[in-house]
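Worksheet: one structure, shown below.
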Protein chains: 2
Amino acid sequence: MASHTVENYLKALFALANKAGEVGISDLSDHLAVSKPSVNSMAKALQQDGFLKYEKYKPLKLTSKGKKVAALVVRKHRLTEMFLVEQMGFGWDEVHDIAEQVEHVKAPAFFDRMDELVGFPTVDPHGSPIPDAHGNVLEIDCVKLSECAVGEKVSLVGLSQSSKSLLSFLDSHGIALGHTFGILVVEPFDGSMTVEHQGAEARTFSLKVCERLLVRKEA
Amino acid sequence: MASHTVENYLKALFALANKAGEVGISDLSDHLAVSKPSVNSMAKALQQDGFLKYEKYKPLKLTSKGKKVAALVVRKHRLTEMFLVEQMGFGWDEVHDIAEQVEHVKAPAFFDRMDELVGFPTVDPHGSPIPDAHGNVLEIDCVKLSECAVGEKVSLVGLSQSSKSLLSFLDSHGIALGHTFGILVVEPFDGSMTVEHQGAEARTFSLKVCERLLVRKEA
DNA sequence: GTCAATTGTTAGAATACACTAACAATGTAG
DNA sequence: CTACATTGTTAGTGTATTCTAACAATTGAC
Ligand SMILES: [Mn+2]
Ligand SMILES: [Mn+2]
Ligand SMILES: [Mn+2]
Ligand SMILES: [Mn+2]
């Protein structure tokens, strides 16, 4: 069984690889708040256990074994978040830190039951896809709101990097997954966008916000 | 914050002290399946952190700080068991091992919510008392069934040492907490008892079983 | 292409937790 | 009181995970 620590390394590696492609020692070091020499020696250890391929000065590459372990931890994380929101009444901005711990529980029945109780969801409360029990992840068809053009109609399907402050921001503006937006203005100067929210009020969001909102274009 | 390991040591110490009074290095060693030298050095470390008083060759004594930490872990364990049974549909024989892991999660809100959702219970699914949020435990007024006499009417309020096999045994005989028994015969030879269960069928249980059933005498 | 910033590596050490082998203290039965 | 069993201790190690200090390789800017 992979330790708590190893699971966190693999999960970080998996997430970074999906975002940035190549993952170096420094990326992991930043992401996990662990020194580079620590990451370096852990990389060697993970290689020994067949979780990744490590060559000096080359980017780290998860093996399929490593990817699978990581995906299954992500699965437990996201099922937990879903359960916390749907069954326990937590807000979507409260669940990540709890899930970060619960994801390491070794009790398949526990997560299977969560899965069942929340109706076998395919995405977590922030719109991120939940890997299946074999560790396969369904990619979601979406683009950043910031990449959309005036006149398009889109609906919010997820967030890239959902920090607590982003979630609070969205909450305070009454924005939730599934909401629709019509793009009214794209400001060339700073990339801010004015959009109509749920067919009603027009709002303006900074580029920083628009880059974090993942949307699907409506027919 | 006490580590996973430290929490398990304190919890074991607390449980053994409540059962046997004096707790030696060997008791802990057996209970935790850890070598005696390991327990010995951990005892010194726990003393350093003020969790217990350790003197060479003397029994280990939890400080009030140690007792409180232990009780709060027990609280999380038992709330979790209750939640697993009441809200997630697990059987009382399935929850201990899961709770053994979940009890180490550091997220007060998580357990507070469980507490709320199961209606602020005072006992866990096996009848053991749940310490309050300050670490105070309410002792339950009960005796072993084996200590009762012919003619007495009692109800099952808890179990001493609820192992999985005991729970399965009780399940297979349709016995649950709250059920009532009338004592018909106490066999002097082997201490086995014949009792009437829920005012109906008469059953005979070995001493081994009767010693594990904690009952309250009915008025 | 050279230089400097970035990135990665090595060496050496610390902490937490565990183990075995050997020995010492304690307690108990006769 | 002695002998043996039980219990506890010490010493020495090992693994997992982390760190800092120092140095080396890579890369990107000019
Ligand atoms: Mn999360
Ligand atoms: Mn985690
Ligand atoms: Mn339990
Ligand atoms: Mn535990």
Side-chain angles (χ1 to χ4, degrees), chain A residues 1-13 16-17 19-62 65-66 69-70 73 100-101 103-106, chain B residues 1-13 16-17 19-62 65-66 69-70 73 100-101 103-106:
Chain A
M1 276 292 115
S3 70
H4 185 122
T5 308
V6 165
E7 287 189 342
N8 282 337
Y9 270 92
L10 295 178
K11 193 160 66 93
L13 222 16
L16 291 171
K19 178 140 30 87
E22 308 245 295
V23 184
I25 299 277
S26 292
D27 299 320
L28 263 184
S29 172
D30 291 346
H31 199 79
L32 295 170
V34 150
S35 73
K36 287 185 286 192
S38 296
V39 174
N40 187 276
S41 61
M42 180 59 90
K44 291 171 182 170
L46 292 176
Q47 145 128 287
Q48 281 308 307
D49 291 338
F51 290 124
L52 55 76
K53 191 151 62 70
Y54 165 78
E55 289 177 90
K56 271 192 186 182
Y57 302 107
K58 295 267 179 64
L60 302 171
K61 280 201 185 331
L62 281 176
K65 174 182 172 185
V69 171
V73 175
E100 199 57 53
Q101 296 179 66
E103 68 188 359
H104 304 292
V105 168
K106 267 74 172 183
Chain B
M1 275 295 113
S3 70
H4 185 123
T5 309
V6 164
E7 287 188 343
N8 281 337
Y9 270 92
L10 294 177
K11 193 159 66 90
L13 222 14
L16 290 171
K19 179 141 28 89
E22 308 246 295
V23 184
I25 299 277
S26 293
D27 298 320
L28 263 185
S29 171
D30 291 346
H31 199 77
L32 295 170
V34 151
S35 73
K36 286 186 287 192
S38 296
V39 174
N40 187 275
S41 61
M42 180 58 90
K44 291 171 182 170
L46 293 177
Q47 146 127 289
Q48 280 307 307
D49 291 339
F51 291 123
L52 54 77
K53 191 152 59 73
Y54 165 77
E55 290 177 89
K56 272 194 186 184
Y57 302 109
K58 296 267 180 63
L60 303 172
K61 282 202 182 331
L62 281 176
K65 174 182 172 184
V69 171
V73 175
E100 199 56 53
Q101 296 179 66
E103 69 188 357
H104 304 291
V105 168
K106 267 74 171 182

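Side chains are part of it too, since the values below use all heavy atoms of this structure and drop only hydrogens, waters and symmetry mates. A note on names: the letters A, B, ... follow the listed sequences, proteins ahead of strands, and every chain is numbered from 1.
Note on B:Tyr9: every side-chain N or O is 4.0 Å or more away from OP1 and OP2 of C:dA16. The phosphate of D:dT17 has OP1 or OP2 within less than 4.0 Å of a side-chain N or O from A:Ser3. In this structure, A:Ser26 reaches the C:dG8 phosphate: one of its side-chain N or O atoms is under 4.0 Å from OP1 or OP2.
Looking only at side-chain heavy atoms (C-beta outward), B:Leu46 and B:Tyr54 stay at 4.5 Å or farther from each other. Two residues are said to be in side-chain contact when any heavy atoms from C-beta on lie closer than 4.5 Å; A:His4 and B:His4 fail this criterion. Put simply, the side chain of A:Leu13 does not reach to within 4.5 Å of the side chain of A:Phe51, judged on heavy atoms. Between B:Leu28 and B:Met42, every side-chain heavy-atom pair lies at or beyond the 4.5 Å cut-off. By the 4.5 Å heavy-atom criterion applied to side chains, B:Glu100 and B:Lys11 are counted as neighbours.
Atom CD in B:Glu7 sits about 11 Å away from atom P in C:dC17, given to the nearest Å. For the pair A:Leu28 CG and C:dT7 P, the interatomic distance rounds to 13 Å; values are reported in whole Å. Atom CG of B:Asp27 is separated from atom P of D:dT6 by 14 Å (rounded to the nearest Å). One atom, CG of B:Asn40, and another, P of C:dA24, lie 16 Å apart when rounded to the nearest Å. If you take CG of B:Leu16 and P of D:dT7, they are 13 Å apart, rounded to a whole angstrom. Across the protein-nucleic acid pair, B:Glu22 atom CD and D:dT7 atom C1' stand 14 Å apart, rounded to whole Å. One atom, CD1 of B:Ile25, and another, P of C:dC23, lie 21 Å apart when rounded to the nearest Å. When the C1' atom of C:dA25 is taken as reference, atom NZ of B:Lys58 falls 13 Å away, rounded to whole Å.
Shown for residues 43-54 of chain A: no residue has heavy atoms falling under 4.0 angstrom of DNA chain D.
For the atom pair CG (A:Asp30) and CD1 (A:Ile25), the distance works out to 11.5 Å, reported to the nearest 0.5 Å. Separation of atoms CG (A:Leu52) and NZ (A:Lys65) is listed at 10.5 Å; rounding is to 0.5 Å. Rounding to the nearest 0.5 Å places NZ of A:Lys53 at 10.0 Å from CG of A:Leu60.
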Please enumerate all protein N or O atoms sitting under 3.5 Å from an N or O of nucleotides 19-22 of chain C, with distances to 0.1 Å.
unit_1 : atom_1 : unit_2  : atom_2 : d
C:dC19 : OP2    : B:Ser35 : N      : 2.8
C:dC19 : OP2    : B:Ser35 : OG     : 2.9
C:dC19 : OP2    : B:Ser38 : OG     : 2.7

Which pairs, protein N/O on one side and nucleotides 25-29 of chain D N/O on the other, fall under 3.5 Å?
unit_1 : atom_1 : unit_2  : atom_2 : d
D:dA25 : O4'    : A:Tyr57 : OH     : 3.3

Inset, instruction - Any chance you could lay out the side chain to side chain contact (heavy atoms under 4.5 Å, CB included) test for B:Glu103 and B:Asn8, step after step, and finish with the verdict? - result: CA-CA 10 Å; B:Glu103 69 188 357; B:Asn8 281 337; 3.3 Å; yes
Legend entry - Stepwise side chain to side chain contact (heavy atoms under 4.5 Å, CB included) check, A:Lys106 with A:Glu7: CA-CA 12 Å; A:Lys106 267 74 172 183; A:Glu7 287 189 342; 3.1 Å; yes
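Nearest approach of B:Glu22 to B:Pro59, heavy atoms of both residues: OE1-CG, 3.2 Å.
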